[in-house]
Amino acid sequence: MAALGREAGADLKDAGVVPLRAGEAPKDTRMAAYTHGQRSLSLGDAKFRRPMVIEIIEKKFEYLRKEKTLNIYGTVFFGTAASFSGIIANFIFRHCFKVKHDALRTYASLTTLPFLSTIVTYKLLVTDALYSGNISQENCVLRSSLIGIVCGVLYPCGLAFSKNGRLAVKYHTVPLPPKGRVLLYWVLLCQTEIKAMMIPLVFQTVFGIFNGLQHYARFESTLEKTVHED
């Protein structure tokens, strides 16, 4: 029997199977138990990275908050310049039409409406489009300058022309124009004084270009900072 046991052990050893000693667990079982009891590296990495991710998100919000604050100042100043254009246009057309009635109403509307239209249009066409990544630097500058021309000069001029022209017809401060030639008559009546609006036109165009360049530069710097933090 002992000889048979030794022969069986030799056969198992030749086959690559190491016989187990008394009380000894298999190697695979021990490895599985060790792996099961060891802390998972992925969970540890997740716990370690969570504060880093929160810190990066907080820095991104801080950059964006500063950028939006600076952009609000520029947009408000842009709208304020449009309000001054409205005041100048209202003064010019009231003088042309010799209107002295409803001064407070006309000045109030010519101050607030260009201001609000400039801010809303700039936000929709420049700010929102820029943060969505739909426009380039050239397009940003072009849109900003066009907003300065349209909302900061042409719209106040048209509004002042319309309001004061109606007051002129209502109170008969100027001779009534012939039928069918109202617009031409009023334009000829104001053609000398309207040239003064060239000053706000040049200012709004230059400031629109400057504001577009500055806004795009701030957006690019904020984007680089957030990417660098990642």
(message) Heavy-atom count check: over 12 atoms from other residues, nucleotides or ligands less than 6.0 Å from Y185 OH?
(response) yes

(request) Indicate the atoms forming the closest heavy-atom contact of P114 with S117, along with that distance. (result) O-OG, 3.0 Å

(request) Taking the side chain as every heavy atom from C-beta outward, state whether H101 and T106 have any atom pair closer than 4.5 Å. (result) no

(message) If I take atom CD1 from residue I149 and atom CG from residue L201, how far apart are they, to the nearest 0.5 angstrom?
(response) 6.0 Å

(request) Quick one: closest heavy-atom pair of C151 and P156, and the distance? (result) O-CD, 3.4 Å

(request) Flag the pair R94 / L167 as yes when at least one side-chain heavy-atom distance between them is below 4.5 Å, and no otherwise. (result) yes

(message) Does any part of the side chain of V141, heavy atoms only, come nearer than 4.5 Å to the side chain of Y216, both counted from C-beta?
(response) no

(request) Check C96 against V174 and note the closest heavy-atom contact, atom names and distance. (result) O-CG1, 4.1 Å

(message) I need the N139 CG to S144 OG distance, nearest 0.5 Å.
(response) 11.0 Å

(message) Are the side chains of I147 and F78 in contact, using a 4.5 Å heavy-atom criterion?
(response) yes

(message) Within this structure, what is the SG-CD distance for the pair C140 and Q214, rounded to the nearest 0.5 Å?
(response) 11.0 Å

(message) Hydrophobic cluster membership, with links at side-chain heavy-atom distances under 4.5 Å among I/L/V/M/F/W/Y: are M197 and V187 in one?
(response) yes

(request) Could you check if a side-chain atom of L113 sits within less than 4.5 angstrom of a side-chain atom of Y155, using non-hydrogen atoms only? (result) yes

(message) I want to check something: taking the side chain as every heavy atom from C-beta on, are H215 and L130 in contact at a cut-off of under 4.5 Å?
(response) yes

(request) Give, for atom NZ of K163 and atom CG of L110, the distance between the pair rounded to the nearest 0.5 Å. (result) 7.5 Å

(message) Let's go through D128 and K123 carefully: what are the C-alpha distance in whole Å and the side-chain angles of both, what is the deciding distance for side-chain contact (heavy atoms from CB on, under 4.5 Å) to 0.1 Å, and is it a yes or a no?
(response) CA-CA 6 Å; D128 293 345; K123 183 182 182 302; 3.3 Å; yes

(message) Which label fits F210 and F207: parallel for a plane angle under 30°, tilted from 30 to 60°, or perpendicular past 60°?
(response) tilted

(request) Please report the closest heavy-atom contact between G152 and S85, naming both atoms and the distance. (result) O-CB, 2.8 Å

(request) Quick one: pull up OG in S109 and CG in N90 and give me the separation to the nearest 0.5 Å. (result) 6.5 Å

(request) Report whether L116 and I72 are members of the same hydrophobic cluster (ILVMFWY, side-chain heavy atoms less than 4.5 Å apart, transitive linking). (result) yes

(message) Taking I209 as the starting point, is it possible to reach Y122 by hopping between hydrophobic residues whose side chains are less than 4.5 Å apart?
(response) no

(message) How about OH on Y107, more than 12 heavy atoms from neighbouring residues, nucleotides or ligands closer than 6.0 Å, or not?
(response) yes

(request) Measure the spacing between CG of L159 and CZ of F93 and express it to the nearest 0.5 Å. (result) 10.5 Å

(message) Side-chain heavy atoms nearer than 4.5 Å, only ILVMFWY residues, links allowed to pass through others: does that put L125 and V76 together?
(response) no

(request) Please check if the distance between the ring centroids of F97 and W186 is under 6.0 Å. (result) yes

(request) Identify whether F219 and V126 are in the same connected component of the hydrophobic contact network (ILVMFWY, side-chain heavy atoms under 4.5 Å). (result) no

(request) Report yes if some heavy atom in the side chain of V169 is under 4.5 Å from a heavy atom in the side chain of R166; otherwise report no. (result) no

(message) For Y171, I'd like to know if atom OH has over 12 heavy atoms of other residues, nucleotides or ligands within 6.0 Å.
(response) yes

(message) Treating T118 as the side-chain partner and G79 as the backbone partner, does any N or O pair qualify as donor plus acceptor under 3.5 Å?
(response) no

(request) Give a yes or no on whether I199 atom CD1 has more than 12 heavy-atom contacts from other residues, nucleotides or ligands under 6.0 Å away. (result) no

